[in-house]
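Since we're looking at a predicted model, the values are computed, not measured. Chain identifiers are assigned alphabetically (A, B, ...) following the order of the sequence lines, protein sequences preceding nucleic acid strands; residue numbering begins at 1 within each chain.
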Number of protein chains: 2
Amino acid sequence: MDSKIFNLKAKLELYKAMTNGGNFADCPVRDVIQGISGKWSSLLVMALAEKPYRFGELRRLVPDISQRMLTQTLYDLQRDGYVHREVFPTKPPSVEYSLTDLGRSMFLPLQQLVQWAELNHDAVRDARAAFDAAQG
Amino acid sequence: MDSKIFNLKAKLELYKAMTNGGNFADCPVRDVIQGISGKWSSLLVMALAEKPYRFGELRRLVPDISQRMLTQTLYDLQRDGYVHREVFPTKPPSVEYSLTDLGRSMFLPLQQLVQWAELNHDAVRDARAAFDAAQG
DNA sequence: AGTGCTGGTCTCTTTTTGAGACTACCAATC
DNA sequence: GATTGGTAGTCTCAAAAAGAGACCAGCACT
């Protein structure tokens with residue numbers, strides 16, 4: 001099978017999936033992508049993929065997130081089923097956040113993207129510098 | 001080789017990459033991820049992966065993007081080297097946007113994530129419904 | 001009695017995004 | 001020749017999201 005044709009078909013199928021065949025207002029794929037494409041979502045998923053963390057630990061781990069956004073991002077990730085929240089009756093009570101099975105399965109493709117970013121951030125930085133130098 | 005240990009090592013390495021070994025303020029991986037995790041970036045990259053599009057075509061293709069955000073997202077994608085912008089001297093002049101080699105190489109892992117979203121959006125929808133039903 | 005740790009919420013300000021009017025140019029139409 | 005329509009945007013103002021930091025309750029330790 002011609003790999004070019006195969007790739008084009010794959011692209012078209014994903015394109016249709018992402019545009020929901022023209023019904024943009026109610027596209028589940030875009031909905032899911034937007035849920036994980038927030039500013040802090042991917043970072044927290046990456047952190048929790050390493051091991052479960054407590055609220056205060058995450059706050060110290062990511063010092064430039066505000067407490068408000070940490071609360072809200074964890075809430076959203078929990079709502080979408082990526083993160084499990086468990087309260088332990090210690091004193092004071094501690095709360096542990098961990099990835100669910102769904103979260104772990106999402107981590108795999110996310111990992112691919114982060115690996116790409118790790119390999120290519122020099123190219124992006126160079127492109128940005130060249131663009132800015134050309135008085136973009 | 002024990003695959004669990006291998007996976008843990010891979011996770012730790014990516015975690016380090018994303019946290020830049022503690023230097024959060026200047027982490028190139030987070031910088032790159034944030035550049036492509038905007039609300040419209042991934043959608044436009046997916047569209048341009050299918051074929052080049054002109055400005056007005058993209059606007060009609062994604063009817064719920066504002067002209068202002070389309071302009072700005074394309075500008076940002078161009079600045080980071082994912083998108084090529086070419087003006088044709090027709091009357092009136094037309095502008096074509098296409099993926100660069102860097103953009104096409106980024107499309108590959110992005111595609112994985114979109115495929116995951118396509119396969120799992122039911123699970124996310126169910127999780128969300130269950131969470132909301134439990135008066136989250 | 002004061003201090004510190006837990007996991008948050010509340011309010012205020014700043015930044016980002018969205019909605020829509022407006023521009024300039026030209027071609028074809030009425 | 002005035003009107004309409006298509007090109008790719010910009011500009012302004014309102015709404016939504018995010019950031020900064022004060023504040024809270026409960027308990028342990030000093």
Side-chain angles (χ1 to χ4, degrees), chain A residues 24-27 30-31 33-45 47-48 51-80 83-98 131 135-136, chain B residues 24-27 30-31 33-45 47-48 51-80 83-98 131 135-136:
Chain A
F24 287 82
D26 183 32
C27 173
R30 281 179 66 187
D31 191 41
I33 293 292
Q34 292 208 355
I36 58 186
S37 75
K39 182 169 182 181
W40 303 106
S41 310
S42 57
L43 182 57
L44 291 178
V45 169
L48 294 176
K51 70 184 186 71
Y53 279 105
R54 303 211 337 238
F55 186 88
E57 290 176 323
L58 285 172
R59 192 156 61 92
R60 285 187 290 273
L61 200 60
V62 189
D64 57 344
I65 193 174
S66 67
Q67 217 163 356
R68 186 184 159 284
M69 285 313 293
L70 181 55
T71 300
Q72 183 169 325
T73 305
L74 287 171
Y75 180 91
D76 291 343
L77 290 174
Q78 186 195 356
R79 191 171 100 100
D80 284 4
V83 160
H84 173 68
R85 178 182 187 270
E86 188 161 7
V87 181
F88 292 99
T90 57
K91 289 176 182 177
S94 60
V95 180
E96 186 180 89
Y97 292 92
S98 55
F131 186 83
Q135 277 92 283
Chain B
F24 287 82
D26 183 32
C27 173
R30 282 179 66 187
D31 190 40
I33 292 292
Q34 292 207 356
I36 59 186
S37 76
K39 183 169 181 182
W40 303 106
S41 310
S42 57
L43 182 57
L44 291 178
V45 169
L48 293 176
K51 69 183 186 72
Y53 279 106
R54 304 215 330 243
F55 185 89
E57 290 176 324
L58 286 171
R59 191 156 62 92
R60 284 187 291 274
L61 200 61
V62 188
D64 56 344
I65 193 175
S66 66
Q67 219 162 358
R68 186 184 157 286
M69 285 313 291
L70 181 55
T71 300
Q72 183 168 327
T73 306
L74 287 171
Y75 180 91
D76 292 343
L77 289 175
Q78 186 195 355
R79 190 171 100 100
D80 284 3
V83 160
H84 173 68
R85 179 183 185 269
E86 187 160 9
V87 181
F88 292 98
T90 57
K91 290 175 183 176
S94 60
V95 180
E96 188 181 89
Y97 293 92
S98 56
F131 186 85
Q135 279 91 282

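Between the P atom of dG7(C) and the CD atom of Glu57(A) lies a distance of 8 Å, rounded to the nearest Å. Straight-line distance from the CE atom of Met69(A) to the C1' atom of dA18(D): 6 Å, rounded to whole Å. Between the OH atom of Tyr75(A) and the P atom of dG8(C) there is a distance of 12 Å, rounded to whole Å. Nucleotide dG8(C) holds its P atom 14 Å from the CG atom of Asp76(A), rounded to whole Å. Atom P of nucleotide dG19(D) and atom CD of Gln72(A) are separated by 10 Å, given to the nearest angstrom. The separation between Gln67(A) atom CD and dC23(D) atom P is 15 Å, rounded to whole Å. Regarding Leu70(A), its CG atom lies at a distance of 17 Å from the P atom of dC10(C), rounded to whole Å. When the C1' atom of dA8(D) is taken as reference, atom CD1 of Ile65(B) falls 14 Å away, rounded to whole Å.
Residue Tyr97(A) forms a side chain to side chain donor-acceptor pair (under 3.5 Å) with just one option from His84(A), Arg54(A), Arg85(A), Gln78(A), and that option is Arg85(A).
Each of dG7(C), dG19(D), dT7(D) was ranked by its minimum atom distance to the side chain of Ser94(A); first place goes to dG7(C). Comparing atom distances between the Val95(B) side chain and each of dT6(C), dG19(D), dG9(D) picks out dG9(D) as nearest. For Arg60(A), the side-chain atoms get nearest to dT6(C) when compared with the rest of dT6(C), dA21(C), dG7(C). Proximity note for Arg85(B) (side chain, C-beta onward) versus dG18(C), dG9(D), dG8(C): the nearest is dG9(D). Closest to the side chain of Arg68(A), out of dA19(C), dA18(D), dA8(D), is dA18(D).
For Arg59(B) against dA8(D), no side-chain N or O and base N or O form a donor-acceptor pair under 3.5 Å.
Shown here for Leu48(B) and Tyr53(B), the closest heavy-atom pair between the two residues is CD2-N, 3.7 Å.
For the pair Trp40(B) and dT16(C), the criterion of a side-chain N or O lying under 4.0 Å from OP1 or OP2 is not met. For dG8(C), the OP1/OP2 oxygens have a side-chain nitrogen or oxygen of Tyr97(A) closer than 4.0 Å.
For Gly38(A) and Glu96(B), each mapped to the nucleotide of DNA chain D holding its nearest heavy atom, the one lying further toward the 5' end belongs to Glu96(B). Taking the nucleotide of DNA chain C with the nearest heavy atom to each of Lys91(B) and Lys39(B), the more 5' of the two is matched to Lys39(B).
In this structure, the side chains of Met69(B) and Val62(B) stay at 4.5 Å or more apart for every pair of heavy atoms. Looking only at side-chain heavy atoms (C-beta outward), Leu58(B) and Ile65(B) stay at 4.5 Å or farther from each other. Within the 4.5 Å cutoff, side-chain heavy atoms of Phe55(A) are placed close to those of Gln67(A). Side chains of Leu61(A) and Glu57(A) form no contact here, defined as non-hydrogen atoms less than 4.5 Å apart.
With rounding to the nearest 0.5 angstrom, the CZ atom of Arg30(A) is 10.5 Å from the OG atom of Ser37(A). Here the NZ-CD distance, from Lys51(A) to Glu96(A), works out to 8.0 Å after rounding to the nearest 0.5 Å.
Inter-axis angle, ends of the helix from dA1(C)-dT30(D) to dC30(C)-dG1(D), five pairs per end, rounded to 10 degrees: 20°.
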